[in-house]
Amino acid sequence: MIDKKEAMKIAEENAKKAYRDLSIYNIESKLTDGKWYIDYFLKDKGMVGGGPHFVISAESGEIISYRFAQ
């Protein structure tokens with residue numbers, strides 16, 4: 001099983017490829033039905049755009065799906 005820390009590391013490594021600087025995001029994670037949902041939301045509500053969103057298998061650590069909001 002992949003724990004929260006591992007799931008967040010997988011998401012971060014992939015998010016940095018597209019966004020580089022992740023310091024402008026708050027990160028939320030939750031485990032539901034054997035999947036980690038990792039979502040990045042802009043800290044500054046006045047900013048336009050969004051962050052990456054991942055669904056990661058808690059069993060294997062495989063990224064099941066992702067989307068990048070910009």
Side-chain angles (χ1 to χ4, degrees):
M1 286 294 281
I2 302 298
D3 65 14
K4 178 180 177 177
K5 184 177 179 180
E6 291 171 299
M8 292 187 71
K9 182 176 179 169
I10 292 166
E12 179 181 350
E13 288 173 355
N14 284 277
K16 280 185 176 179
K17 292 176 187 174
Y19 289 80
R20 291 189 201 110
D21 180 16
L22 300 175
S23 67
I24 61 171
Y25 298 100
N26 287 320
I27 306 166
E28 294 181 9
S29 63
K30 67 179 177 180
L31 178 62
T32 304
D33 296 329
K35 298 174 188 150
W36 284 103
Y37 292 82
I38 312 289
D39 298 295
Y40 289 73
F41 297 101
L42 289 167
K43 290 179 181 178
D44 181 351
K45 301 291 183 193
M47 291 180 74
V48 177
H53 304 274
F54 294 91
V55 179
I56 298 172
S57 168
E59 186 175 319
S60 68
E62 175 186 355
I63 296 174
I64 297 169
S65 67
Y66 63 91
R67 66 182 170 85
F68 295 130
Q70 293 187 340

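FYI, side chains are in, hydrogens and waters are out, and symmetry mates aren't considered; it's all heavy atoms of this structure.
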* To do: State plainly whether one hydrophobic cluster holds both Y37 and M8, where clusters connect Ile, Leu, Val, Met, Phe, Trp and Tyr through side-chain heavy atoms under 4.5 angstrom apart.
  =>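 No, it is not one cluster - the side chains of Y37 and M8 are not joined through contacts under 4.5 Å.
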* Same hydrophobic cluster for F41 and I56, using side-chain heavy-atom links shorter than 4.5 Å among ILVMFWY? -> no
* Decide yes or no for I24 and L42: does some side-chain heavy atom of the first lie under 4.5 Å from some side-chain heavy atom of the second? =>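 In contact.
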* Could you tell me whether the side chain of K4 reaches within less than 4.5 Å of the side chain of L31, counting heavy atoms only? =>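 Not in contact.
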* When you measure from the side chain of W36 to the backbone N and O of I2, does any donor-acceptor pair fall under 3.5 Å? -> yes
Drop me the distance from [X]'s [atom1] to [Y]'s [atom2], to the nearest 0.5 angstrom.
| X | Y | atom1 | atom2 | answer |
| --- | --- | --- | --- | --- |
| R67 | F54 | CZ | CZ | 11.0 Å |
| Y25 | D39 | OH | CG | 12.5 Å |
| M1 | E6 | CE | CD | 10.5 Å |

* To do: For side-chain contact (heavy atoms from CB on, under 4.5 Å), just list the numbers for H53 and Y66, CA-CA rounded to whole Å, side-chain angles, deciding distance to a tenth of an Å, and then say yes or no.
  => CA-CA 5 Å; H53 304 274; Y66 63 91; over 6 Å; no
* **Taking every non-hydrogen atom, the tightest pair across S60 and S57** =>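 Minimum heavy-atom separation between S60 and S57: N-OG, 3.1 Å.
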* Step through the shown structure and confirm whether more than 12 heavy atoms of other residues, nucleotides or ligands are within 6.0 Å of NZ on K43. => yes
* Asked: What about Y40 and Y19, are their ring centers closer than 6.0 Å?
  -> no
* Option among I27, N14, I10 that satisfies the side-chain contact (heavy atoms from CB on, under 4.5 Å) test with I38 -> I27
